[in-house]
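Structure first, commentary second.
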2 protein chains.
Amino acid sequence: MPSPDLAFRAHDHARCAASALHAAQTLCAARNLRLTPARARVLEILLEAHRALGAYEILERLREDGQPAQPPVAYRALNFLCENGLAHRIERLNAFVACVDPQAEHDAAFLICRRCDRVAESPRDQDAGHLGAAAADAGFAIERTVVEALGLCPDCQGGQP
Amino acid sequence: MPSPDLAFRAHDHARCAASALHAAQTLCAARNLRLTPARARVLEILLEAHRALGAYEILERLREDGQPAQPPVAYRALNFLCENGLAHRIERLNAFVACVDPQAEHDAAFLICRRCDRVAESPRDQDAGHLGAAAADAGFAIERTVVEALGLCPDCQGGQP
DNA sequence: TCTTGTCCTGTTACAAGGTAACAGTTAAGC
DNA sequence: GCTTAACTGTTACCTTGTAACAGGACAAGA
Ligand SMILES: [Zn+2]
Ligand SMILES: [Zn+2]
Ligand SMILES: [Zn+2]
Ligand SMILES: [Zn+2]
């Protein structure tokens, strides 16, 4: 598992993206999922950016590939990727980020830089403390938990707000 | 402090809403904030609903009061309420909910029923375990954390999905 | 009292995010 | 090969959110 703060540090990103893409291919083969060209291309775009991209930013990049492309193209690919744990939606940004360690659908926690939109994914301790207890008390059945910390990454601190 | 799961249980809601509104007035007086009629009305609408409302749902209710009302009216009031800890934005729903225990701006954790949109607010243990540590390791400065658990409230369990 | 700046409101017009629905195409399974 | 299910292309639309500007309320000071 890659270090969670990788996104915020210099690294051989070409290799990082290639290996995540390869992991995705392997996972799809194993689980009999069809990582079609459209889906693979969107994942690739997310991996190259290594930060949160809005659906319409992804659309732009798809269009740069040549063909036109309408919003459903991007959303369908993103739904597939998110449903299968290859990408995550960042609620706070209405944006999407590639998963660095693809697995079956999984929740995660995120550190989101509000200046540069880079996102670090951190494995999430299930039923994090307090909240799990509060839910149990209330008889509430948790299905999915969103944990997103907003702030400034190391590179973006020490400048203007 | 009201019990966190209050939203999911039967309670004297007229009293619950009135007391929250009163608390808001007190807090605004103490902090020299202007809880103008427009703002108070939006807070009242949120308190009456006791669930998450979209900005455009709030707009509808404002219009039922007589005057027309354009989106910025709702958003301005909601921004004021959120900035001052009188309401919270639920990212996952693009919706807003009144705070049951208004204080200075504060983060909270939420239990959100995906069937009925009722929302329970739970006090959040600051720098929740793991994530705080991961942030410190990465040199990431957390400013605000979103914690939203999605699931089914007691009333909505045991039926269709 | 008048003046001035600040904050709040009303309104227009639009940007950004997201989806329903349908027709056509590809690929899997028999 | 034929059938069926899954994927793609496209149109048209809905929902959410904001920039920008003009006007009004109000307090503080001259
Ligand atoms: Zn990388
Ligand atoms: Zn940054
Ligand atoms: Zn109540
Ligand atoms: Zn419910």
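Because the structure is a prediction, the values reported are computed rather than measured. Here is how names work: the chains are called A, B, and so on, in the same order as the sequence lines, proteins then strands, and each is numbered from 1.
The closest donor-acceptor contact from the side chain of Glu148(A) to the backbone of Phe110(A) lies at 3.5 Å or more, if one exists at all.
Every pair passing salt bridge (charged side-chain N to carboxylate O under 4.0 Å, His left out) that includes a residue from residues 36-56 of chain A is listed here, sequence neighbours excluded: Arg41(A)-Glu44(A), Arg41(A)-Asp65(A), Arg51(A)-Glu57(A), Arg51(A)-Asp117(A). Note on residues 14-25 of chain B: pairs passing salt bridge (charged side-chain N to carboxylate O under 4.0 Å, His left out), not counting sequence neighbours, are Asp12(B)-Arg15(B). Sorted pairs that involve residues 21-40 of chain A and meet ring-ring contact (aromatic ring centres under 6.0 Å, His included), not counting sequence neighbours, are lacking altogether.
For Asn32(A), there are no side-chain contact (heavy atoms from CB on, under 4.5 Å) partners at least two apart in sequence or on another chain. Shown here are the side-chain hydrogen bond (donor to acceptor under 3.5 Å, both in side chains) partners of Glu143(B), two or more places apart in sequence or in another chain: Arg114(A). Under the rule for a side-chain hydrogen bond (donor to acceptor under 3.5 Å, both in side chains), the partners of Arg118(B) that lie at least two apart in sequence or sit in another chain are Asp155(B). Residues passing the ring-ring contact (aromatic ring centres under 6.0 Å, His included) test with His11(B), sequence neighbours excluded: His13(B), His50(B). A search for side-chain contact (heavy atoms from CB on, under 4.5 Å) contacts involving Pro72(A) returns Gln70(A), Arg76(A), not counting sequence neighbours.
Looking at heavy atoms from C-beta onward, Arg89(B) lies in side-chain contact with Glu91(B) at the 4.5 angstrom threshold.
For Asp65(B) and dT9(C), the CG to C1' distance is 16 Å, given to the nearest whole Å. Across the protein-nucleic acid pair, Ile90(A) atom CD1 and dG18(C) atom C1' stand 18 Å apart, rounded to whole Å. One can place CZ of Arg92(B) at 14 Å from C1' of dG18(C), the figure rounded to the nearest angstrom. In this structure, Leu35(A) places its CG atom 14 Å from P of dA27(C), rounding to the nearest Å.
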Handout entry: Protein proximity profile, nucleotides 12-28 of chain D - base contact B, sugar-phosphate-only contact S, no contact -, cut-off 4.0 Å on heavy atoms
Key = ----BBBBB--------

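Comparing the local axis fitted to the first five base pairs of the helix from dT1(C)-dA30(D) to dC30(C)-dG1(D) with the one fitted to its last five gives a bend of 30°, rounded to 10°.
DNA chain C lies under 4.0 Å from at least one heavy atom of each of the following residues of residues 37-45 of chain B: Ala38(B), Arg39(B).
Residue Leu53(B) shares its hydrophobic cluster (ILVMFWY side chains chained together at separations under 4.5 Å) with Leu21(B), Leu27(B), Leu33(B), Leu35(B), Val42(B), Leu43(B), Ile45(B), Leu46(B), Leu47(B), Tyr56(B), Ile58(B), Leu59(B), Leu62(B), Val73(B), Tyr75(B), Leu78(B), Phe80(B), Leu81(B), Leu86(B), Phe96(B).
Nearest-nucleotide mapping onto DNA chain C: of Asn32(A) and Phe80(B), the residue sitting toward the 5' end is Phe80(B).
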